[in-house]
Structures are given as C-alpha cells and as structure tokens.
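Each remark here refers to the structure printed beneath this line.
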Amino acid sequence: MQSVPALEWHLYQQMYLIRRTEETLLDLFSQGLLFGTVHTCIGQEAIAVGVVNAIDKSKDVIWSNHRGHGHFLAYCDNIEGLIAEVMGKETGVCRGIGGSQHLHYNNFYTNGILGGTVACAVGSAMAEKKKNSGAITVVFLGDGAMGEGIVYESLNMASLWKLPVLFVLEHNQYAQTTPTSLAHTGDLSNRPKAFGIETREIKADNVISVNRLAQECVHKVRTQQKPLFITMHTYRFAPHSKGDDVRPAAEIETAKRSDPLTHMRWALAQINERRVASIENEVDMRIIEAVETVKQQLVLAPEMFFAGRQP
Ligand SMILES: Cc1ncc(C[n+]2csc(CCOP(=O)(O)OP(=O)(O)O)c2C)c(N)n1
Ligand SMILES: [Mg+2]
C-alpha cells in the first residue's frame, strides 16, 4: 500500500475537523443556542490549515478576522473552548465574553473590525522584532478588507520598517453580498507591489500546495525580516453569516467542484479508506462530546459578564 506522509493525514484531519465544527455551529445557531452571529469558513479550510501549519506555534503571532474559527482550530485544536465561547459559556476560550469574533489564545487573536487587525499585526510584528524573538506575524484578511485605507497604511509601514509580516488575503470574491467586481478596480493581488512588497498567488483548493507555499513564505519572512503578501483564491460555500446569501446557486455548485476537503478525501481514500473513516469518526465523536459537555454548562449571567470589569 502506498504510504501517505503523516503531515498529509494531519492536514486532512484538521480540515475535516474545521468543516464539521462549522457545520455544527450553524446547526446550533438554527436551534437558537448561539449568541450573536456566526461566520463560517466552509470551503476555505485549506487556507487556515495550510498556513497555520507552516508557522512556529511556539512563538509566531496570528491575527485573524470575523471568519476566524478555522484559523483558531488549526492553531490550537480547542473545539470545546470554541463552542463554549460562541455559546456564551464561562468555559469558553475567552470566558464567554469575546464570542465568535473575539477569540484569544496564546499568540492568536481575532477581531471583527475589517482592516483594523492588519494594523494590529504590523504593530505586533514590530514588537516581536524589537524583542528579537525571531517570531513572525501572520494576518488573514478578506478581499472586502482591501477596501479599508488602514490596510494600505499598514502595508506601507510594514515595508518601510522591514517588519516580518505575512499577509494572507483570502480572496473569496465577496464581501458579505457584494462581489469584488462591484467594489474594487484593478487586481487586489498586485496592490502590495506598489509598496515594494513581494507577492505570491495561489488557488487554495489543495491544502498540500497551500502548506508548501506557506512554508516557503514563512521561511522567507523570518530570514529576510521583511513582509510578504499571498493572495489565496477561494470561495465560501455557506452564506456570509446566516441567511444572507444572494449568490446564484449555480455559481456555488460550480465552486464546490473545487472543494479542498472532498478532493483530499477522495485521494486519501484511494490509498487507505479505513484510516480516513477512522479519522472522521474520531473527529465526529469529539465534536458530539464537546457539544454535549458545553450544553450542560450555564450561560454567562450579566453579573458574571461584568464581574471584575468595573473601573
Ligand atoms: C470596518 C468594518 N466595516 C464593516 C464591517 C461589516 N462587515 C463584516 S464582514 C464584512 C465583509 C467582509 O468581507 P471580506 O473582507 O471579503 O471577508 P469575508 O467575509 O469574505 O471573509 C463587512 C462589510 C466590519 N466588520 N468592519
Ligand atoms: Mg471576501
């Protein structure tokens, strides 16, 4: 039997875990068990998994955005902490106070203010450089965020001050319901070049290729101590958040033909179907158990929310 490198099994396991967790969150939302809204990265998992597995988790910093569950799970695998956080439970990774868009764990941060996180990433890259920690910063942003002026100020400073930042543009062709073509002129992937930043571009439908490119870029950013910008072409299969989807059904169906999860599953199953099934079964069980555990816990009461937070 042909052998598959351990890394590839791991990448598949993480993509499957992210997909199933996100589907579960949508389910919980429909049952009225989630607070706020939820933005899933269903269809875009190869980016989260490919990039996060290229960094040094012991020191590198990640800034993510409103669509950050996949980045978070690829970083720390904490299903229960995520589900509890989104369900407003005290056992959540931010004690139920942050919610879906404000996740923080070790060197991982998310925030829903488009573009704001890009400036934060440049700041953290500068701090790490001054500390000589050897850490790089990775920031994920969407094509919609490329309409924010602060992104361009950030690109300018990152280049001017030679900061080790890897910008990862998840170009899923839409900002909420607005197609890129109605919001931006020119080619988004070329814009960083105006600031002297090197760029790369990839169709993110194969996690192994994404991971290889990310490894090469992480190495370059770390050793050359300067920024790099990757545009990753992708597509989200689910609505922007919940129910806000006006994209043509045929377009979504066509995009699903490039589903990174289905493709990798097919390839791995040709080699070892039983192992694929066992990986999936284990993940399914972990998610079921996490949901059951979290459901039993108390929702954060208002007085707990504000406890210790008064001036
Ligand atoms: C500064 C700011 N303006 C508007 C919003 C509302 N908003 C949330 S997500 C979103 C669309 C984002 O599109 P994109 O950056 O392409 O990311 P995607 O949702 O496609 O992953 C908008 C407009 C926001 N969060 N922050
Ligand atoms: Mg987008």
Side-chain angles (χ1 to χ4, degrees), residues 15 18-19 21-22 25-26 29 34-52 62-74 86 98-103 109-123 138-155 166-192 201-205 210 229-248 251-252 255-256 258-260:
M15 284 208 297
I18 293 169
R19 175 74 56 98
T21 306
E22 295 271 56
L25 288 173
L26 288 176
F29 185 95
L34 295 195
F35 289 96
T37 189
V38 56
H39 306 90
T40 67
C41 69
I42 294 172
Q44 304 185 193
E45 296 91 344
I47 299 179
V49 173
V51 173
V52 175
I62 298 185
W63 283 90
S64 167
N65 57 7
H66 58 289
R67 206 173 294 291
H69 303 156
H71 309 139
F72 173 83
L73 290 171
V86 184
S100 165
Q101 297 183 64
H102 306 99
L103 305 172
Y109 306 86
T110 68
N111 191 281
I113 308 295
L114 298 184
T117 48
V118 181
C120 291
V122 170
V138 175
V139 58
F140 293 97
L141 67 156
D143 43 288
M146 291 295 284
E148 295 289 335
I150 196 168
V151 170
Y152 299 92
E153 295 181 45
S154 304
L155 290 172
L166 179 60
F167 299 92
V168 178
L169 170 58
E170 297 192 73
H171 196 334
N172 63 10
Q173 305 169 39
Y174 286 87
Q176 203 145 358
T177 51
T178 309
T180 316
S181 56
L182 292 185
H184 302 280
T185 184
D187 182 348
L188 295 181
S189 60
N190 274 334
R191 293 189 182 175
E201 203 168 353
I202 190 170
K203 181 171 182 199
D205 59 354
V210 170
F229 189 105
I230 319 178
T231 299
M232 303 220 174
H233 295 281
T234 184
Y235 196 87
R236 64 171 156 74
F237 300 156
H240 169 72
S241 51
K242 278 292 287 177
D244 46 356
D245 204 349
V246 294
R247 298 171 303 172
E251 179 184 299
I252 302 173
K256 282 185 178 170
S258 302
D259 182 354

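Order of appearance sets the numbers: ligands from 1, and atoms from 1 within every ligand. No hydrogens, no waters, no symmetry mates; every other heavy atom, side chains included, goes into these values.
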Q | Protein contact of atom 15 (O) of ligand 1 - nearest heavy atom, named by residue and atom, plus distance | A | Ala145 N, 3.0 Å
Q: With side chain to side chain contact (heavy atoms under 4.5 Å, CB included) as the test, would you mind laying out the steps for His71 and Thr110 before giving the verdict?
A: CA-CA 9 Å; His71 309 139; Thr110 68; 6.0 Å; no
**Q.** Atom indices of ligand 1 within 4.0 angstrom of Asn172 heavy atoms, with elements
**A.** 18 (P), 20 (O), 21 (O)
**Q.** His69-Thr40 side chain donor-acceptor pair, cut-off 3.5 Å
**A.** no
Q: Would you mind listing which atoms of ligand 1 come within a distance below 4.0 Å of any non-hydrogen atom of Gln176?
A: 11 (C), 22 (C), 23 (C)
Q. Got a sec: is Gln173 within less than 2.8 Å of the Mg ion (ligand 2) via an N/O/S atom?
A. no
(Q) To check your reading of the model: name the closest protein heavy atom to atom 4 (C) of ligand 1, its residue, and the distance in Å. (A) Leu114 CD1, 4.1 Å
Q.
To check your reading of the model: name the closest protein heavy atom to atom 9 (S) of ligand 1, its residue, and the distance in Å.
A. His240 CE1, 3.3 Å
Q. Could a heavy atom of Glu148 be found less than 4.0 Å from some atom of ligand 1?
A. yes
(Q) With side-chain hydrogen bond (donor to acceptor under 3.5 Å, both in side chains) as the test, pick out the partner of Arg67 among His240, His39, Glu170. (A) His240
Q: Output yes when the distance from some N or O of ligand 1 to some N or O of Gln44 is under 3.5 Å, and no in every other case.
A: no
Q: Might you point out which heavy atoms bring Thr234 and Gly43 nearest each other, and give the distance in Å?
A: OG1-O, 3.7 Å
(Q) For ligand 1, which is the ligand I care about here, please tell me if His66 has any N or O atom under 3.5 Å from one of the ligand's N or O atoms. (A) yes
Q. So is Gly115 in contact with ligand 1, going by heavy-atom distances below 4.0 Å?
A. no
Q: Answer yes or no as to whether an N/O/S atom of Glu170 is found below 2.8 Å from the Mg ion (ligand 2).
A: no
Q) Closer than 2.8 Å to the Mg ion (ligand 2), do we get an N, O or S atom from Tyr174, backbone or side chain? A) yes
Q) What N, O or S atom of Asp143 is found closest to the Mg ion (ligand 2)? A) OD1
Q.
Below the 3.5 angstrom mark, is there an N/O of Gly144, backbone or side chain, next to an N/O of ligand 1?
A. yes
Q) N/O to N/O below 3.5 Å, does that happen between Arg236 and ligand 1? A) no
Q | Atoms in ligand 1 flagged as close to Arg67, the criterion being non-hydrogen separation under 4.0 Å | A | 18 (P), 19 (O), 21 (O)
